[in-house]
There are 2 protein chains.
Amino acid sequence: MGNQLTEMLKGTLEGIVLAILARRSAYGYEITAWLRDRGFSDIAEGTIYALLVRVEQRGFVDVEKVPSEKGPPRKVYSLNAKGRDQLAEFWRTWSVLTDRIEQLRHNGNQHEKGA
Amino acid sequence: MGNQLTEMLKGTLEGIVLAILARRSAYGYEITAWLRDRGFSDIAEGTIYALLVRVEQRGFVDVEKVPSEKGPPRKVYSLNAKGRDQLAEFWRTWSVLTDRIEQLRHNGNQHEKGA
DNA sequence: ACCAGTAGTTAGCGTCGCTGGGTAGCGAGG
DNA sequence: CCTCGCTACCCAGCGACGCTAACTACTGGT
């Protein structure tokens with residue numbers, strides 16, 4: 001029945017990851033661990049990898065393979081120009097949605113538009 | 001490619017509709033029109049009907065068939081107790097998500113958790 | 001030799017919103 | 001009378017997304 005948060009993450013998780021990459025480059029395992037630390041403890045391991053593949057295919061990130069001393073090579077992702085555009089677009093859309101919803105939440109949204 | 005907003009609506013649209021029904025009972029066509037008025041102009045007609053069927057099946061709303069002078073009978077939906085619980089849960093989850101994302105947005109979320 | 005931790009990949013699933021069509025009832029116009 | 005347009009609802013099929021549950025591969029410790 002996928003809980004609320006799972007459904008809400010659809011569409012926002014990509015923005016979240018892009019926002020993380022906007023700060024600095026990172027690899028999948030790192031991002032997953034970091035999200036867990038930050039309260040996004042509910043995000044599944046595999047989800048991030050799939051998402052990273054997607055954003056790579058769309059050309060929002062550049063990738064570099066970096067050897068690790070502790071395991072298989074890491075795929076380090078960096079946000080590029082197109083990715084920064086996408087992130088900006090994400091924040092715009094996010095603002096629109098949150099604005100409308102907050103309006104709906106507090107404001108006595110009387111349906112009676114006439115007045 | 002479903003634009004951002006479409007993806008973001010997943011999981012939130014249900015809450016939006018429940019919030020509308022919390023103010024007063026309404027039928028599908030009415031809700032659709034009202035959403036269009038309120039800037040949610042991008043929401044597809046059929047989407048609302050499918051959503052209403054879903055929330056009915058989950059027992060969040062009660063339904064009453066009311067004849068219309070201008071067309072086929074309306075199905076008027078009212079939020080019931082279970083629906084109010086669900087709506088409260090929705091707001092809780094929504095708050096959690098927005099809090100985390102706003103934190104990510106402004107706050108210089110240095111990954112360097114160490115020092 | 002074995003296991004735990006690191007790091008990434010894949011196939012298949014369920015949910016959601018969208019698309020595009022259809023049905024039904026009523027009133028106005030040709 | 002027949003069609004058009006508005007009201008009002010329903011349905012099948014689609015793509016995108018996140019989740020589940022596996023698997024591969026490399027390193028270091030016991």
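All values reported here derive from a predicted model rather than from experimental measurement. Every chain is numbered from 1 and lettered A, B, ... according to where its sequence line falls, protein lines coming before strand lines.
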For B:Ile43 and C:dT19, give me the distance from atom CD1 to atom P, rounded to whole Å.
-> 12 Å

Decide yes or no for B:Tyr77 and B:Glu64: does some side-chain heavy atom of the first lie under 4.5 Å from some side-chain heavy atom of the second?
-> no

For B:Arg36 and D:dA8, what is the distance between atoms CZ and P respectively, to the nearest whole Å?
-> 14 Å

Value in whole Å for how far the C1' atom of C:dG17 lies from CD of B:Gln4 = 15 Å

Distance test, side-chain N/O of A:Arg74 to OP1/OP2 of C:dG8, below 4.0 Å | no

Could you state the atom-to-atom distance from CD of A:Glu45 to C1' of D:dA22 in whole Å?
-> 12 Å

Terminal axis angle for the helix from C:dA1-D:dT30 to C:dG30-D:dC1, five pairs an end, nearest 10 degrees | 20°

Heavy-atom nearest nucleotide on DNA chain D taken for A:Leu51 and for A:Gly71; more 5' hit belongs to A:Leu51

Provide, to the nearest angstrom, the distance between the CE atom belonging to B:Met8 and the P atom belonging to C:dT15.
-> 23 Å

In Å and rounded to the nearest 0.5 Å, what is the CG to CZ distance from B:Leu5 to A:Arg92?
-> 13.0 Å

For the base of D:dA8, is there a side-chain donor-acceptor partner from B:Lys70 under 3.5 Å away?
-> no

Would you indicate, yes or no, if C:dG17 has its OP1 or OP2 atom less than 4.0 angstrom from a side-chain nitrogen or oxygen of B:Thr6?
-> no

Student check: side-chain heavy atoms of B:Ile20 and B:Leu35 closer than 4.5 Å = yes

Taking OH from A:Tyr29 and P from C:dT9, how many angstroms apart are they, rounded to a whole number?
-> 15 Å

Look at the side chain of A:Ala44 and decide which nucleotide, out of D:dC19, C:dG25, C:dT15, has an atom nearest to it.
-> D:dC19

Kindly indicate whether the side chain of A:Ile101, heavy atoms from C-beta on, has any atom under 4.5 Å from the side chain of B:Ile16.
-> yes

Find the distance A:Leu9:CG to D:dC19:P and express it as a whole number of Å.
-> 6 Å

Carefully, step by step, assess A:Met8 and B:Thr93 under the rule side-chain contact (heavy atoms from CB on, under 4.5 Å).
-> CA-CA 9 Å; A:Met8 281 191 204; B:Thr93 308; 3.9 Å; yes

Would you indicate what A:Ser68 reaches in the nucleic acid, counting non-hydrogen atoms under 4.0 angstrom: base, sugar-phosphate, or nothing?
-> sugar-phosphate

Between the side chains of A:Gln86 and A:Glu14, does any donor sit under 3.5 Å from an acceptor?
-> yes

What integer distance in Å separates B:Tyr49:OH from C:dT19:P?
-> 16 Å

Working to the nearest 0.5 Å, report the span between CG of B:Leu9 and CD of A:Glu7.
-> 12.5 Å

Distance below 4.0 Å between B:Lys75 side-chain N/O and D:dC10 OP1 or OP2 = yes

For DNA chain C, whose closest nucleotide is more 5', that of A:Pro73 or that of B:Gly11?
-> A:Pro73

B:Tyr29 side chain reached by B:Glu45 side chain, heavy atoms, under 4.5 Å | yes

Hey, which sits more toward the 5' end of DNA chain D by its nearest nucleotide, A:Pro72 or A:Ala50?
-> A:Ala50

Any donor-acceptor pair under 3.5 Å between the side chain of B:Lys10 and the base of C:dT15?
-> no

Go through D:dT20, C:dT15, D:dC26 for me and flag the one nearest to the A:Thr47 side chain.
-> D:dT20

